[in-house]
Amino acid sequence: QVQLVESGGGLVQPGGSLRLSCAASGSIFMINTMGWYRQAPGKQRELVASITSGGSTNYADSVKGRFTISRDNAKNTVYLQMNSLKPEDTAVYYCNALLTVYGSGTRDYWGQGTQVTVSS
C-alpha cells in the first residue's frame with residue numbers, strides 16, 4: 001500500500017560524502033514528518049535527522065554541521081546529504097515517514113534500510 005524506497009548508500013572513505021534519497025509512494029494523503037534513523041551493529045536505532053512538512057529540521061548532536069536533511073514535497077522524497085563522514089557513521093540507515101493513507105489513518109512507515117560504510 002505504501003512503500004519507502006531508499007537509495008544512495010555505499011562505501012566511502014573518511015572525510016567523503018554520500019547523499020541518501022527516500023521516495024514514498026502509494027495511496028498517500030499527506031506526509032507529516034520525514035526522517036532518517038541509523039543502527040550500527042550492537043547498538044540501538046537512533047534518530048539522525050528529521051524534517052517537518054513545513055521544513056523545520058532536527059539533528060542528532062553527532063551529525064550537526066556535517067549532515068543536511070531536505071525534502072521535496074512534490075515528489076514525496078526526503079534526502080540526507082552527508083559530508084565529512086567518519087567511521088562512526090557506519091550503520092544501516094533507515095528512512096521514516098509519519099504519513100496519512102487514504103482510508104487508513106496516520107502512522108509511521110519505514111524503508112528497508114541502506115548500508116553506509118565509512119572506511120579506508
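Here, residue 1 is the first one in the sequence, and each next residue gets the next number. What you see below is based on every heavy atom in this structure, not just the backbone, and it leaves out hydrogens, waters and symmetry mates. Remember, predicted model here, so these are calculated numbers, not experimental data.
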Trainee: Grouping I, L, V, M, F, W and Y whenever their side-chain heavy atoms are under 4.5 Å apart, do L85 and Y59 come out in a common cluster?
Mentor: yes
Trainee: Determine whether N96 and W36 make a side-chain contact, defined as any pair of heavy atoms from C-beta on separated by less than 4.5 Å.
Mentor: no
Trainee: Walk me through it: do T57 and S50 pass the test side chain to side chain contact (heavy atoms under 4.5 Å, CB included)?
Mentor: CA-CA 6 Å; T57 58; S50 64; over 6 Å; no
Trainee: Just checking, is any N or O donor in the side chain of T90 or E88 under 3.5 Å from an acceptor N or O on the other one?
Mentor: no
Trainee: I need the full list of salt bridge (Lys or Arg N to Asp or Glu O under 4.0 Å) pairs touching residues 111-120, with sequence neighbours left out, sorted by first then second residue.
Mentor: none
Trainee: Look at atom CD of Q3 and say whether more than 12 heavy atoms of other residues, nucleotides or ligands are closer to it than 6.0 Å.
Mentor: no
Trainee: Side chains of T52 and N32: closer than 4.5 Å at any heavy-atom pair?
Mentor: no
Trainee: Taking atom OG of S53 and atom CZ of R71, what is their separation to the nearest 0.5 Å?
Mentor: 5.5 Å
Trainee: Show every salt bridge (Lys or Arg N to Asp or Glu O under 4.0 Å) that has at least one partner inside residues 101-115, sequence neighbours left out.
Mentor: none
Trainee: Applying the side-chain contact (heavy atoms from CB on, under 4.5 Å) criterion to L80, which one of I51, T68, V48 satisfies it?
Mentor: V48
Trainee: Using modelled atom types only, decide if a donor and an acceptor are shared between the side chain of R45 and the backbone of Q39 within a distance under 3.5 Å.
Mentor: no
Trainee: Under 4.5 Å between side-chain heavy atoms, hopping through other hydrophobics if needed: is there a path connecting L4 to Y79?
Mentor: no
Trainee: Apply salt bridge (charged side-chain N to carboxylate O under 4.0 Å, His left out) to the pair K86 and D89, showing each step before the final yes or no.
Mentor: CA-CA 5 Å; K86 305 175 181 179; D89 294 318; over 6 Å; no
Trainee: If every non-hydrogen atom of V78 is compared with every non-hydrogen atom of C95, which pair is closest and at what distance?
Mentor: CG1-SG, 3.9 Å
Trainee: In the hydrophobic cluster built from side-chain contacts under 4.5 Å, what are the other members alongside V92?
Mentor: Y37, L47, Y94, W110
Trainee: When rounded to the nearest 0.5 angstrom, what distance separates CE in M34 from OG1 in T77?
Mentor: 6.5 Å
Trainee: Just grab all the disulfide (SG to SG under 2.5 Å) pairs involving residues 53-89, residues at least two apart or on different chains.
Mentor: none
Trainee: State, yes or no, whether a side-chain contact exists between Y93 and M82 at a heavy-atom distance under 4.5 Å.
Mentor: yes
Trainee: Please tabulate, for the side chains in residues 14-25, all donor-acceptor contacts under 3.5 angstrom to protein atoms that are two or more places apart in sequence or on a different chain.
Mentor:
unit_1 : atom_1 : unit_2 : atom_2 : d
S17    : OG     : N83    : OD1    : 2.9

Trainee: Report, one line per pair, each donor and acceptor closer than 3.5 Å where one atom sits in a side chain of residues 98-105; sequence neighbours left out.
Mentor:
unit_1 : atom_1 : unit_2 : atom_2 : d
T100   : OG1    : T106   : OG1    : 2.6

Trainee: Within this structure, what is the CZ-NZ distance for the pair R38 and K43, rounded to the nearest 0.5 Å?
Mentor: 8.5 Å
